[in-house]
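In the text below, chain A, chain B and the rest are named by the order of the sequence lines, each starting its count at 1.
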There are 2 protein chains.
Amino acid sequence: MRINTVFEALSHPVRRQILALLKSGPMSAGELASHFDLTKPTLSVHFNKLRDAELVAVERRGTSLIYHLNMSVLEEALSGLLGNKDKSP
Amino acid sequence: MRINTVFEALSHPVRRQILALLKSGPMSAGELASHFDLTKPTLSVHFNKLRDAELVAVERRGTSLIYHLNMSVLEEALSGLLGNKDKSP
DNA sequence: ACTCTAATTAGATGAATTTCTAATTATTAC
DNA sequence: GTAATAATTAGAAATTCATCTAATTAGAGT
């Protein structure tokens, strides 16, 4: 896990909102894109950064790409900042 | 608390390390700067961003400026991402 | 007031980021 | 294989960011 890549990914509001949307469950690229006033290519770039950070994983279903949240990377990165090396129960 | 400013501040490795150094206790600007291979003006810019985000507070003692960590803003921002609206005891 | 130390602000420059349009890839269906 | 749909990559323009040197502010001591 590249901590640097994770925090860089978290630094943009659109990307944080993508994560927030994915908290309710997996979603296709197109459906995610429909929540923003940005073009699909622009969203694609954001998806890539989240994927590089392993904050999301992607799975193809037909012609669609389904994104889903990787909560554990998020938790590890944030607890790293707070200094909790151990994961609380 | 401007969540955007906080995560923008957290996105740079130098700034995250400044916070890590301050976890052991308050430190002057010069002492902080001595931990990095960067000029003091550059560090000053980083201090400003952390101060804008209210992640650190500053207090003058003589000719020195003493920075100290504001843990609560950090915790609030991170728990906001994880979706814990309540602060655990 | 002058000097020394600590740290900042100002201005400039090179690099990185965000966004767009246009072109491309991948998959399904006919 | 051609067309249609979903999403991507490529390339370019505008903006923002990180960093440096030089100049400035603030306080303490003589």
Side-chain angles (χ1 to χ4, degrees), chain A residues 2-22 24-70 77 81, chain B residues 2-22 24-70 77 81:
Chain A
R2 190 119 299 130
I3 194 88
N4 217 354
T5 310
V6 174
F7 277 101
E8 176 60 38
L10 291 174
S11 73
H12 198 282
V14 165
R15 291 192 290 266
R16 287 198 306 278
Q17 189 162 357
I18 290 169
L19 296 181
L21 287 166
L22 291 178
S24 6
M27 220 179 276
S28 74
E31 193 175 352
L32 282 167
S34 74
H35 285 81
F36 299 90
D37 196 21
L38 294 167
T39 65
K40 280 181 171 194
T42 296
L43 266 294
S44 241
V45 172
H46 288 303
F47 297 152
N48 272 339
K49 296 196 183 213
L50 289 170
R51 205 155 46 79
D52 285 352
E54 294 175 87
L55 284 164
V56 304
V58 72
E59 162 212 8
R60 180 177 281 281
R61 200 177 315 174
T63 67
S64 290
L65 293 180
I66 310 295
Y67 284 93
H68 47 93
L69 184 57
N70 187 348
L81 243 203
Chain B
R2 188 119 306 123
I3 194 88
N4 218 354
T5 309
V6 174
F7 276 101
E8 174 59 36
L10 291 175
S11 72
H12 198 282
V14 165
R15 290 191 291 265
R16 287 198 306 278
Q17 190 162 356
I18 290 168
L19 297 180
L21 287 165
L22 291 178
S24 6
M27 220 179 276
S28 74
E31 195 175 351
L32 282 167
S34 74
H35 286 82
F36 299 91
D37 195 22
L38 294 168
T39 65
K40 280 182 171 193
T42 296
L43 267 294
S44 240
V45 172
H46 288 303
F47 297 153
N48 273 339
K49 296 195 184 216
L50 289 170
R51 206 156 44 81
D52 285 352
E54 293 175 89
L55 284 164
V56 304
V58 73
E59 162 212 7
R60 180 177 281 280
R61 200 175 317 173
T63 69
S64 290
L65 293 180
I66 310 294
Y67 285 92
H68 48 93
L69 184 57
N70 186 348
L81 243 203

Report summary line: Whichever of A:D37 and A:T63 has the more 5' nearest nucleotide on DNA chain C, that residue is A:D37
What is the nucleic acid contact for [X], judged by heavy atoms within less than 4.0 Å: base, sugar-phosphate only, or nothing?
{"X": "B:Y67", "value": "sugar-phosphate"}
{"X": "A:V45", "value": "base"}
{"X": "B:R51", "value": "nothing"}
{"X": "A:R61", "value": "nothing"}

Taking atom [atom2] of [N] as reference, at what distance in whole Å does atom [atom1] of [X] sit?
{"X": "B:I66", "N": "D:dA26", "atom1": "CD1", "atom2": "P", "answer": "18 Å"}
{"X": "B:D52", "N": "D:dT16", "atom1": "CG", "atom2": "P", "answer": "16 Å"}
{"X": "A:M27", "N": "D:dA7", "atom1": "CE", "atom2": "C1'", "answer": "17 Å"}
{"X": "A:L38", "N": "D:dA14", "atom1": "CG", "atom2": "C1'", "answer": "15 Å"}
{"X": "B:H12", "N": "D:dA18", "atom1": "NE2", "atom2": "P", "answer": "5 Å"}
{"X": "A:N4", "N": "D:dA18", "atom1": "CG", "atom2": "P", "answer": "12 Å"}
{"X": "A:E8", "N": "D:dT16", "atom1": "CD", "atom2": "C1'", "answer": "12 Å"}

Query raised in the report: Phosphate oxygens OP1/OP2 of D:dT19: is one of them under 4.0 Å from a side-chain N or O of B:H46?
Result: yes
Requested in this report: Ignoring backbone atoms, test whether A:S64 places a side-chain nitrogen or oxygen under 4.0 Å from the OP1 or OP2 oxygen of D:dT5.
Outcome: no
Report summary line: Heavy atoms of B:L22 and B:Y67 approach each other most closely as CD2-O, 3.4 Å
**Report entry** A:P26 versus A:I66, closest heavy-atom pair with distance
**Finding:** CB-CG2, 3.7 Å
Requested in this report: Step through the shown structure and confirm whether more than 12 heavy atoms of other residues, nucleotides or ligands are within 6.0 Å of CZ on B:R60.
Outcome: yes
Report summary line: One should read off an interatomic distance between B:F7 CZ and B:L10 CG, to the nearest 0.5 angstrom, of 6.5 Å
Evaluate the side-chain proximity of [Y] to [X]: yes if any heavy-atom separation is below 4.5 Å, no if none is.
{"X": "A:K49", "Y": "A:R15", "answer": "yes"}
{"X": "A:I18", "Y": "A:L55", "answer": "no"}
{"X": "A:L32", "Y": "A:F47", "answer": "yes"}

Query raised in the report: Which nucleotide of DNA chain C is the first, and which the last, in the 5' to 3' direction, to come under 4.0 Å of a heavy atom belonging to chain B?
Result: C:dA6 to C:dT9
